[in-house]
Amino acid sequence: MVRAIVGANWGDEGKGKITDMLGQESDVIVRFQGGSNAGHTIINDYGKFALHLLPSGVFYSHTTSIIGNGVALNIPYLIQEINSIVDRGVPKPRILVSDRAQIMMPYHILFDQYEEERLKGRAFGSTKSGIAPFYSDKYAKIGFQVSELFDEETLKDKVERTCEYKNILLEHLYHKPQIDANELYETLLSYRDMIEPYVCDTAAFLQEAIAEGRNILLEGQLGTLKDPDFGIYPMVTSSSTLAAYGAIGAGIPPYEIKDIIAVVKAYSSAVGAGEFVSEIFGEEADELRRRGGDGGEFGATTGRPRRMGWFDAVATRYGCRMQGATEVALTVLDVLGYLDELPVCVGYEIDGKVTKQFPTTVRLAKAKPVYEKLPGWKTEIRGITEYEKLPANCRNYIEFIEKEIGVPITMISNGPGRHEIIRRK
Ligand code: GDP
């Protein structure tokens, strides 16, 4: 069976933890989009890890981890990430990399920085991992596929053509040093040697795994609101964050994805710029940020303080719908136990009218939150393992959210650890 774990919000919903937890029941875990630009925090028996490119299944010895064709593959970064977990006592994971994945080139990372510099105050708040230049090149058909590393003649020729083009931009647009074609070619040969042991036709591998009835988990990065089509364009990422894209970015038939778990955070947080209707500021935000996540809400990749807000039911219902969510995992609920009352954004007021439909960015910019306030539960809920043992006001909050978003909440995460989960069917 194929199952997807994806974010319904702005990312950082705690997908890493849910994937790590469900990884136990999985044979194969696949990353299908994005790159090393966002991180997952995972706390397990080996310690605390921030993974960026590796699927969250790498801690189990029974799983195969796949970097699918849809991923922005940063080869030295991947190798370094594998080494960093092995050095901490994790058994060497079984990793397969798609021969159709494209390679994050050193110049993609540079162009990302140069473009942010050029834009100055109008920048997109990129993590500068090269993601936007990477996907631009992929769709402009000047990207490098892993398979191309293994044909030296074609590679050399393509490197030369690419440098010619990139050097024009470097010289005239960014006024930066040029790329040396020979040096780039040598770098790519070193990438080839690093990645060779992992490369295969992962789509064929997955087809076989499906035929054998294996459990396959597609692990999404970021969330619906960062999707280039359905997110808060242009403050979005450059590859689709939707479960549907899992079929493309992994190379499996769309109808095989039977279960889509949207991970939803019990409050809102976002990194980077962009519309955020239920955002809060000042001391109120600082307090939630300090208490949030596991030791504060700061980006796993960038360390940037996250923007904070109350639960946004309008954005989350939309987020779940565009994911095609069949169930929801509600996370970091334990953090909210300090509040006397919990505002939930149940509508957007735009030009004097209240709507529950998530609009396009231009209209979103005008939206003001309409709140409904629910009573707090004022106790610690960590350690509780049964739904009925949660305080009544806490269950009330969960059930209120469930009704607003229209998808069953089947899992409630009340702590960062792998076992801190309440299952509810
Ligand atoms: P991801 O990108 O969706 O995997 O999310 P991140 O890992 O970036 O952010 C989630 C943060 O919240 C991490 O620091 C997790 O350890 C933490 N976390 C996840 N679930 C819970 C939870 O239920 N309670 C608390 N307190 N922290 C959680």
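Counting starts at 1 for both ligands and their atoms, following the listed order. Heavy atoms only: backbone and side chains are in, while hydrogens, waters and symmetry mates are out.
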Looking at S413, which atoms of ligand 1 are within less than 4.0 Å of one of its heavy atoms?
20 (N), 21 (C), 22 (C), 23 (O)
Do W10 and S268 touch side chain to side chain, with heavy atoms closer than 4.5 Å?
yes
Atom indices of ligand 1 within 4.0 angstrom of G16 heavy atoms, with elements:
1 (P), 4 (O)
Check ion pair R290-E283 (N to O, under 4.0 angstrom)
yes
Heavy-atom contacts under 4.0 Å between V335 and ligand 1: side chain, backbone, both, or neither?
side chain
Is G11 in polar range of ligand 1, meaning some N or O pair under 3.5 Å apart?
no
So, taking the atom named CD1 in I75 and the one named OG1 in T187, what distance separates them when rounded to the nearest 0.5 Å?
11.0 Å
When you check the gap from the basic side-chain N to the acidic O, do D20 and K17 get nearer than 4.0 Å?
no
Does ligand 1 have any atom sitting under 4.0 Å from a heavy atom of R418?
no
Hey, which atoms in ligand 1 end up nearer than 4.0 Å to a heavy atom of R306?
8 (O), 9 (O)
Does the side chain of Y318 reach to within under 4.5 Å of the side chain of F230, using non-hydrogen atoms?
yes
Interfacing atoms of ligand 1 (cut-off 4.0 Å, heavy-atom, K17):
20 (N)
Is a side-chain N or O of D27 found less than 3.5 angstrom from the main chain of N215, in a donor-acceptor match?
yes
Quick check on contacts: which atoms of ligand 1 are under 4.0 angstrom from a heavy atom of E13?
3 (O), 5 (O)
With nothing but distance in play, are any N or O atoms of V332 less than 3.5 Å from an N or O of ligand 1?
yes
Purely on distance, is any nitrogen or oxygen of G415 under 3.5 Å from one on ligand 1?
yes
Between K258 (side chain only) and R3 (backbone N and O only), is there a donor and an acceptor less than 3.5 Å apart?
no
Between L169 and Y114, is any pair of side-chain heavy atoms under 4.5 Å apart?
no
Which option, E219, K15, R291, owns the non-hydrogen atom nearest atom 3 (O) of ligand 1?
K15
Could you say whether the N/O atoms of T331 and ligand 1 ever approach to under 3.5 Å?
no
May I ask you to check if R424 and Y387 form a cation-pi contact, with NZ or CZ under 6.0 angstrom from the six-membered ring centre and within 45° of the axis?
yes
Does at least one non-hydrogen atom of G7 fall below 4.0 angstrom from an atom of ligand 1?
no
